[in-house]
Amino acid sequence: MESNVLSMKFPHALCSVVPLFCGGKLLGIGKDAAASQSVTTVQWGPCDPVLALDSALQCAFFEIPLDYHNHSVGVARLGLVKANATRERRGTVFMNPGGPGVSGINDLNSTSALLLDQTGGYYDVVSWDPRGVGTVTIPGDVFCFDSAEEQQAFFNGTIEVNGIEMTGNFTDPADIQNLLAQAGTMQKQYDGLAQRCSQHSDGKYLQYVGTAATARDLAAMADALDGPGSPVNYIGLSYGTILGSWFINMFPERVGRVVIDGVVDPARFGTVDIALSGWGAQLVDADKVYEAFFTGCALAGPAGCPIASAGQTPVDVNNDIQALLQAAHDTARANPSAPVTSGQIRALLRTIMYVPTTWGLFVNTTLSQFAQEVQAESGGNITRRRSIRERDEKETFPYSTEAIICGDSKDNTGANMTDVFEGIISTSNNISSMFAAAWPFATYYCPFWPVRAVERYEGPFNKTLANPILVIGNTFDPATPFSGAKAVADELGDHAALVRLNGFGHTSQAEPSACISNIIRAYMVNGTLPQGDETVCEVDADFEVFPGVNTSAILASMPAMDV
Ligand SMILES: *[C@@H]1O[C@H](CO)[C@@H](O)[C@H](O)[C@H]1NC(C)=O
Ligand SMILES: *[C@@H]1O[C@H](CO)[C@@H](O)[C@H](O)[C@H]1NC(C)=O
Ligand SMILES: *[C@@H]1O[C@H](CO)[C@@H](O)[C@H](O)[C@H]1NC(C)=O
Ligand SMILES: *[C@@H]1O[C@H](CO)[C@@H](O)[C@H](O)[C@H]1NC(C)=O
Ligand SMILES: *[C@@H]1O[C@H](CO)[C@@H](O)[C@H](O)[C@H]1NC(C)=O
Ligand SMILES: *[C@@H]1O[C@H](CO)[C@@H](O)[C@H](O)[C@H]1NC(C)=O
Ligand SMILES: *[C@@H]1O[C@H](CO)[C@@H](O)[C@H](O)[C@H]1NC(C)=O
Ligand SMILES: *[C@@H]1O[C@H](CO)[C@@H](O)[C@H](O)[C@H]1NC(C)=O
Ligand SMILES: *[C@@H]1O[C@H](CO)[C@@H](O)[C@H](O)[C@H]1NC(C)=O
Ligand SMILES: *[C@@H]1O[C@H](CO)[C@@H](O)[C@H](O)[C@H]1NC(C)=O
Ligand SMILES: *[C@@H]1O[C@H](CO)[C@@H](O)[C@H](O)[C@H]1NC(C)=O
């Protein structure tokens, strides 16, 4: 996502830290891809330490058809990772960390302890690099360029690198004109990119990378690990909730214990044009998360949050950040080669909103550094132009997130870049003034994406399930608002229980909550779900977002404010 749209991690440059539409190397010991279509035994072996250093994890390959409806297309293979059950094993629980494009193998390396705890230790926790993801699954990460140089040169000087310049609610006519004037250029770039993606050696796989096929992979893995037709247990975060919703409605009779957390409304995804108005609906609470950020900073004061001055209110801290954005904006407008643009700061801030556990470090390091650089450049001290995808200056980066999101999306190839830009301006006006203009973003590639997946699932999303599921949403989530969790739970009626974590950030893993862990554990271990229309959990009171400042203190100071 560029900001990864749907995951706990960051834009390509930061994807390893945060993903939802964000976008490893595994050496499984296992059977090599062979032409067999029957259920095969999975042979676990040590993981490549580059992918997962934790020696308690084991890895394997698993063979799948590229196209479930046409086996003659050929075979593919998934890279799997497993954390053994710590008590009497009852079966497997599968986990998808989101993105799409995030490696499940990498992710389990850091989340296995939490997941074993939340599942009571009774299940093997298995994740995988889905088709289109990572370095060991085939087809893996989707590349469209052969070198970083080629990729950088391709987008050099465009909003893809510099972000979009705007202030306030994107009402300044000069900003609007500047953006709309780039529609032709960007449309040409994205059309050209689509052509490269098709022609690249990965291009032949694009139509087989998609969530419906991945849902079938999930069923196939459960067949192999827990027996043919076995109940499928699954935890899906962020984009993993789309996979979860598709899976439970494609295979309602296979539903075992399923948790979806940080929920996208699947009825909108896949049927609404997500490149235009559709994505805006994901941002309805994004500015509230930003409000939590500067409120927490003000409550901590300079001793805990160095960008705050003594005695500053939350409004003051926000005004200072707005002034920083304004200064970067004005400088970039006056000098097109200014090294830091407001668009870059905005894109980074958006990804930071996903993970409150990183806010303290972010203000101490990156944000303070931006403030210094902007001050220097407003004084005429221009240095090197920075890129949104900073880390990528050395390596070429994949379009896995885009391939999966756009392969799954409604065919909106009639839309043009002017339409995309107008959607951004409107979302800035009406929904999120802070983050609607953060560019690039995976969904914006979709009108130009060359293919759609061979299979998509558009509903219904109210099937009668073999077992009820658990649906979790945060009060303020920057990418998957609580309304998504509520929509899924409402659709499923008695087949779902809805839990709200009264905190902020993306998915319930964004802030620690023993209450959430207890609810997941009771469900996974005993099948017990909370009663009532909505159960509310608090974030652990001893978790400090900034030194001395916990979540409830921030929430208590927020309601009076207007971002
Ligand atoms: C795996 O987790 C360990 C800490 O448990 C960390 O040191 C290591 O960098 C992680 N490895 C990967 C490949 O993510
Ligand atoms: C996991 O469990 C399997 C089966 O009991 C065992 O063979 C394997 O050694 C275990 N793996 C680890 C890393 O403990
Ligand atoms: C199945 O795939 C093969 C190989 O790509 C292709 O030649 C054939 O037309 C496909 N069949 C159908 C029914 O799509
Ligand atoms: C981008 O363009 C600038 C100015 O035209 C040029 O100096 C620079 O080398 C280009 N960078 C890349 C990666 O092509
Ligand atoms: C943006 O729009 C919101 C809602 O209409 C409004 O409350 C806010 O004051 C506006 N912000 C700016 C900077 O214009
Ligand atoms: C997009 O289409 C509209 C009208 O259909 C047109 O006015 C506009 O110029 C087009 N934009 C681009 C970038 O081609
Ligand atoms: C950030 O800096 C403040 C003030 O120096 C300090 O109290 C706090 O612990 C730092 N936070 C992190 C995460 O480094
Ligand atoms: C959003 O803002 C635009 C102006 O960019 C306006 O034309 C439109 O009616 C607004 N939409 C809603 C739903 O308020
Ligand atoms: C399920 O949803 C479909 C629309 O997708 C609707 O037509 C149908 O009435 C719903 N069924 C129930 C039992 O609510
Ligand atoms: C499951 O139910 C048993 C028996 O009622 C109880 O002792 C145990 O604490 C429950 N486990 C969880 C994780 O809720
Ligand atoms: C959380 O913050 C509130 C308000 O500052 C405070 O009253 C409460 O004691 C804190 N809780 C913990 C466990 O620190």
Side-chain angles (χ1 to χ4, degrees), residues 12-13 33 35 37 64-76 131 138-139 144-163 182 185-186 189 192-193 196 198 201-210 212-213 216 242 245-246 248-253 255 264-272 332 335-341 343-344 382-397 410 440 451-466 468-469 471 484 486-496:
H12 281 307
Q37 286 159 21
I64 45 166
L66 269 170
D67 182 347
Y68 279 92
H69 303 290
N70 183 353
H71 285 252
S72 68
V73 174
V75 293
R131 44 178 79 213
I138 300 174
C144 305
F145 294 91
D146 290 322
S147 75
E149 295 71 34
E150 201 189 351
Q151 193 162 26
Q152 284 156 28
F154 187 81
F155 284 117
N156 198 14
T158 69
I159 59 169
E160 195 78 359
V161 174
N162 302 334
Q182 298 174 67
T185 304
M186 289 312 294
Q189 295 289 98
L193 177 70
R196 278 170 179 268
S198 301
S201 56
D202 289 344
K204 61 182 177 293
Y205 292 128
L206 293 179
Q207 62 189 318
Y208 307 114
V209 159
R216 295 189 186 280
I242 299 175
S245 284
W246 288 28
I248 63 173
N249 287 285
M250 287 169 69
F251 296 94
E253 74 290 350
V255 175
V264 179
D265 179 354
R268 300 190 78 262
F269 180 87
T271 57
V272 170
N335 181 343
S337 59
V340 182
T341 70
Q344 292 166 338
I382 301 294
T383 53
R384 172 183 72 91
R385 166 54 59 101
R386 177 191 285 273
S387 161
I388 286 182
R389 313 187 195 236
E390 190 70 24
R391 188 196 67 180
D392 305 316
E393 290 190 358
K394 281 168 234 86
E395 37 187 289
T396 178
F397 55 84
K410 179 180 145 170
V451 302
R452 291 299 182 266
V454 288
E455 184 181 8
R456 300 171 58 244
Y457 184 80
E458 292 193 345
F461 292 102
N462 55 5
K463 294 276 184 75
T464 298
L465 310 181
I469 72 161
V471 181
K486 181 151 173 41
V488 168
D490 286 350
E491 275 286 285
L492 292 171
D494 290 346
H495 298 284

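The structure presented is a predicted model; accordingly, all values stated were derived computationally and were not measured. All ligand and atom numbering here is 1-based and tracks the order in the structure.
Distance check, rounded to the nearest 0.5 Å: OG1 of T271 to NZ of K410 gives 7.5 Å. A distance of 5.5 Å separates CG in L465 from CG in L492, rounded to the nearest 0.5 Å. For the atom pair I159 CD1 and M186 CE, the distance stands at 4.5 Å (nearest 0.5 Å). Interatomic distance, F397 CZ to Q151 CD, rounded to the nearest 0.5 Å: 4.0 Å. Between the CD atom in E455 and the NE2 atom in H69 there is a gap of 3.5 Å [rounded to 0.5 Å].
Considering both main-chain and side-chain atoms, E149 never comes within under 3.5 Å of ligand 4 through any nitrogen or oxygen pair. Ligand 9 has no nitrogen or oxygen under 3.5 angstrom from a nitrogen or oxygen of E491.
Using a 4.5 Å heavy-atom threshold, the side chains of M250 and R216 count as touching. Contact annotation: the side chain of L66 approaches that of P139 to within less than 4.5 Å [non-hydrogen atoms, C-beta and beyond].
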(request) Start with the C-alpha distance between L193 and F145, add both sets of side-chain angles, then the distance that settles side chain to side chain contact (heavy atoms under 4.5 Å, CB included), and finish with yes or no. (result) CA-CA 9 Å; L193 177 70; F145 294 91; 3.4 Å; yes
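Distances below 4.0 Å separate heavy atoms of P460 from the following atoms of ligand 9: 5 (O). Taking a cut-off of under 4.0 Å to the non-hydrogen atoms of Q152, the atoms of ligand 4 that pass are 13 (C). For ligand 4, the atoms closer than 4.0 angstrom to any heavy atom of A153 are 14 (O).
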Measure and list all N/O to N/O distances between ligand 3 and the protein that fall under 3.5 angstrom.
from     : atom 1 : to  : atom 2 : distance (Å)
ligand 3 : 2 (O)  : N70 : OD1    : 3.4
ligand 3 : 2 (O)  : N70 : ND2    : 2.3
ligand 3 : 2 (O)  : S72 : OG     : 3.4
ligand 3 : 11 (N) : N70 : ND2    : 2.8

